[in-house]
Asks: 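The structure's right below; bear with me while I get my questions together.
Here is how names work: the chains are called A, B, and so on, in the same order as the sequence lines, proteins then strands, and each is numbered from 1.
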2 protein chains.
Amino acid sequence: MVGRVDVARRAGVSPAVVSYVLNGSHPVSDETRLRVEAAILELDYRPNALARSLATSRSHTLGLLIPDSSNPYFAELASAVEDAALASNLVVLLGNGADDAGRELGYLRAFRDRQVDGVIAVFGAGFEEGWREISKRRMPAVSLDRLPPGLDVPSVVVDNIGGARVATEHLVEHGRRRIACITGGAELSSARDRARGWSEALADAGLVGGGVAAGTRVGEAQPVSPLLSYGAFTVDSGYTAATELLRRDPSVDAIFVASDMQAMGVLRAVADVGRTPGADLAIVGFDGTKLSEYTTPRLTTITQPYAQLATEAVGMLGRIIADPASDRAAMHLVLPTELTRRDTCGCGPP
Amino acid sequence: MVGRVDVARRAGVSPAVVSYVLNGSHPVSDETRLRVEAAILELDYRPNALARSLATSRSHTLGLLIPDSSNPYFAELASAVEDAALASNLVVLLGNGADDAGRELGYLRAFRDRQVDGVIAVFGAGFEEGWREISKRRMPAVSLDRLPPGLDVPSVVVDNIGGARVATEHLVEHGRRRIACITGGAELSSARDRARGWSEALADAGLVGGGVAAGTRVGEAQPVSPLLSYGAFTVDSGYTAATELLRRDPSVDAIFVASDMQAMGVLRAVADVGRTPGADLAIVGFDGTKLSEYTTPRLTTITQPYAQLATEAVGMLGRIIADPASDRAAMHLVLPTELTRRDTCGCGPP
DNA sequence: CTGAAAGCGCTTACAG
DNA sequence: CTGAAAGCGCTTACAG
């Protein structure tokens, strides 16, 4: 492998000078610079990033922790983060926590060992242990998509309560009266806040169904309403929940589903029991994944601003890296969502 | 940050000894080992992987290049690779080529600069330039999911021709006579081979529609049959292609769609024109993504062995890394697919 | 503007 | 079994 020394020799300068022209941090005469640049090109030299990182304490690498990278929603989110990282000249080290606290912690350590400049984490099972590790190691980090239970950490999330309210209100506008909610894991702020928004909207409309034990912490959230079902943000979970819900209470005339993946499962379950989405059962999802546009019928959903979420998260991380002493507790960003009207709510053909 | 020297001081030994117990590569007295281990625990010391890599020339990091990581099929494939990598104690550096040759090359360089132990690549647009870079830099690498046009490189792929044949034959068994094919980009071996399998099955059954300019290279593949449509492995592409196809030729009674994502778009298009999948139009997809189980109607598809593909790819890469002089040209693996019968083919309710 | 030298945090012959 | 020392490939004061 050709190294800096080879370039120096070829250009007839000292190795240090090669670094100087590489980094442009030091004055170099034009004539010398040209010779070195020529040598670099001729030898097709590329500096060893590891050695450089060791010397500079900057790896230009970002650790990204995702709870389930094969889930299309997270895949879209991760892809957006990667784009934003690339724009900041950062390469992504990817960790799929697989909703396992041990695995999440393992990746966090692997990231730290490799001296990532920072991490963007969507924690699953191991939020508390994970964040403790991050704090202990003083790693720059921002929590994306969800908030840790009871911890004050830099975060970028969407207005889950607001989005869920809009979704539910839209269902109410369509004349629905018995509106259920199928959401994700009760330990996730995103899942709980979406249930909360649904609950609040119902209360405002004078409808029954509310009561989510709002503001609860891990373990405390209970499906206090028979119309509310906690599960997981997966297709299977949505399928199971809807099957169960419709069996238990056929009078349900609408469902706010807190993720598109679950909504796809719900659509399947609804077809199984012979109901017609958009007609005798209105449905609104959450996420606005690319796929939501192609379901049959088309899914009405709450669209998240992926690119913006990613850009803001990377930006926030950049600020923390630049100024480690910055007040991280004050870094919280909540982005708005948007209602995308399609067919399952009743706006279009069933 | 606590370093090896701190541990050494605390344990009352030389820094070298800390390395010895860390790596277990050198004899150390039990008593000393215990003292060092205690110091490591007390100081919560973790070795700097960058420094270690610089000294050992092994980064325990793998570069994974994906053409579109937000596409659910690739997300599942990437996730499988990550699992396999983890099992081999490798962390994944992820690059989303975004079907852009320049971006692919950029990631390849970023991987090399960071001294990845090897790369697993699913090339999009820049197969040739990308592989040239890999060869020039002598990076251990294996091509996953597709073969480069005209290049002999280590690869792990699925039996695309065979799978497509099975899919098409199944359609024939259902009594279909006018069977179209919607596939991916004509420059991709996977897309071409699936079209080829379809064509061969038609010929075997004495049906019209064949002719894919089989064995073609980039740019030469032409949609020689009006029943064959090249596009891209995305939902939108599938939607567009099916809309166009059904408008042009309403007599089509079946479609073999070469990817599940496209099939989801096809399902949407079919609903738009008022046809009924599984009844007056049979459909079989390809990939066996998790989502395919939840479409309405349920998608019959050719299932790929994700975990096995990933494990074999990582294993092959491991062999190349272990023995750089190994005969890479001889490393080719083709795994079988499986027909998953559901509803869109006519086996189940429409 | 240029270069010798120390340092980044490890590994690993080699000598003792 | 233990340790001093060279080396991995860079960066960056510091002196000239």
Asks: For DNA chain C, which nucleotides open and close the run of contacts to chain B, 5' to 3', at under 4.0 angstrom from a non-hydrogen atom?
Replies: dG9(C) to dC14(C)
Asks: Who passes salt bridge (charged side-chain N to carboxylate O under 4.0 Å, His left out) against D30(B), sequence neighbours left out?
Replies: none
Asks: When you match V28(B) and R46(A) each to their closest nucleotide on DNA chain D, which lands nearer the 5' end?
Replies: V28(B)
Asks: Hey, are R114(A) and T61(B) close enough side-chain-wise for a donor-acceptor pair under 3.5 Å?
Replies: yes
Asks: Nearest 0.5 angstrom please: S143(B) OG to M316(B) CE, how far?
Replies: 10.0 Å
Asks: Short of 4.0 Å, heavy atom to strand atom, which residues of residues 3-15 of chain A count as contacting DNA chain C?
Replies: V13(A), S14(A)
Asks: Is there side-chain contact between L54(B) and N48(A), with heavy atoms separated by less than 4.5 Å?
Replies: yes
Asks: Side-chain donor-acceptor pair under 3.5 Å between R319(B) and S326(B), yes or no?
Replies: no
Asks: What is the ring orientation for W131(A) with F123(A), classed by angle as parallel under 30°, tilted 30 to 60°, or perpendicular over 60°?
Replies: perpendicular
Asks: Hey, what do you get for CG (L50(B)) to OG (S59(B)), rounding to the nearest 0.5 Å?
Replies: 9.5 Å
Asks: Taking only Watson-Crick and G-U wobble pairs with both distances under 3.5 Å, what dot-bracket line describes DNA chain D, where [ ] shows pairs that cross earlier ones and | shows pairs with another strand?
Replies: |||.||||||||.|||
Asks: Applying side chain to side chain contact (heavy atoms under 4.5 Å, CB included), run through E187(B) and F127(B) and close with a yes or a no.
Replies: CA-CA 10 Å; E187(B) 73 285 2; F127(B) 221 135; over 6 Å; no
Asks: Between the side chains of R137(B) and D44(A), is the shortest nitrogen-to-carboxylate-oxygen separation below 4.0 Å, so that they form an ion pair?
Replies: yes
Asks: Indicate yes or no: does E133(A) engage R46(B) in a salt bridge with an N to O separation below 4.0 Å.
Replies: no
Asks: What's the shortest heavy-atom distance between D145(A) and S190(A), and which atoms?
Replies: O-CB, 3.9 Å
Asks: Touch check for S19(B), heavy atoms < 4.0 angstrom, all strands: base, sugar-phosphate only, or nothing?
Replies: base
Asks: For A51(B) and for L22(A), find the nucleotide of DNA chain D with the closest heavy atom, then tell me which residue's nucleotide is more 5'.
Replies: A51(B)
Asks: Heavy-atom contacts under 4.0 Å between residues 33-40 of chain B and DNA chain C, which residues?
Replies: none
Asks: Would you say the side chain of M139(B) lies within less than 4.5 Å of the side chain of V116(B), judging by non-hydrogen atoms?
Replies: yes
Asks: Could you check R10(B), R9(B), R35(B) and say which one makes a salt bridge (charged side-chain N to carboxylate O under 4.0 Å, His left out) with E42(B)?
Replies: R10(B)
Asks: Reading DNA chain C from 5' onward, which residue's closest nucleotide shows up sooner: S29(A) or N48(B)?
Replies: S29(A)
Asks: Have a look at P27(A) and say if it touches a base, only the backbone sugar-phosphate, or nothing, with a 4.0 Å heavy-atom cut-off.
Replies: base
Asks: Would you classify T32(A) as touching base, sugar-phosphate or nothing, given that sugar-phosphate means primed atoms plus P, OP1 and OP2, and contacts are heavy atoms under 4.0 Å?
Replies: sugar-phosphate
Asks: Below 4.0 angstrom, which residues in residues 55-63 of chain B have at least one non-hydrogen atom near DNA chain D?
Replies: A55(B)
Asks: To the nearest 0.5 Å, tell me how far Y20(A) OH sits from L22(A) CG.
Replies: 12.5 Å
Asks: Ion pair present between R132(B) and E129(B), side-chain N to carboxylate O less than 4.0 angstrom?
Replies: no
Asks: Side chains of N96(B) and R103(B): does their closest heavy-atom pair fall under 4.5 Å?
Replies: yes
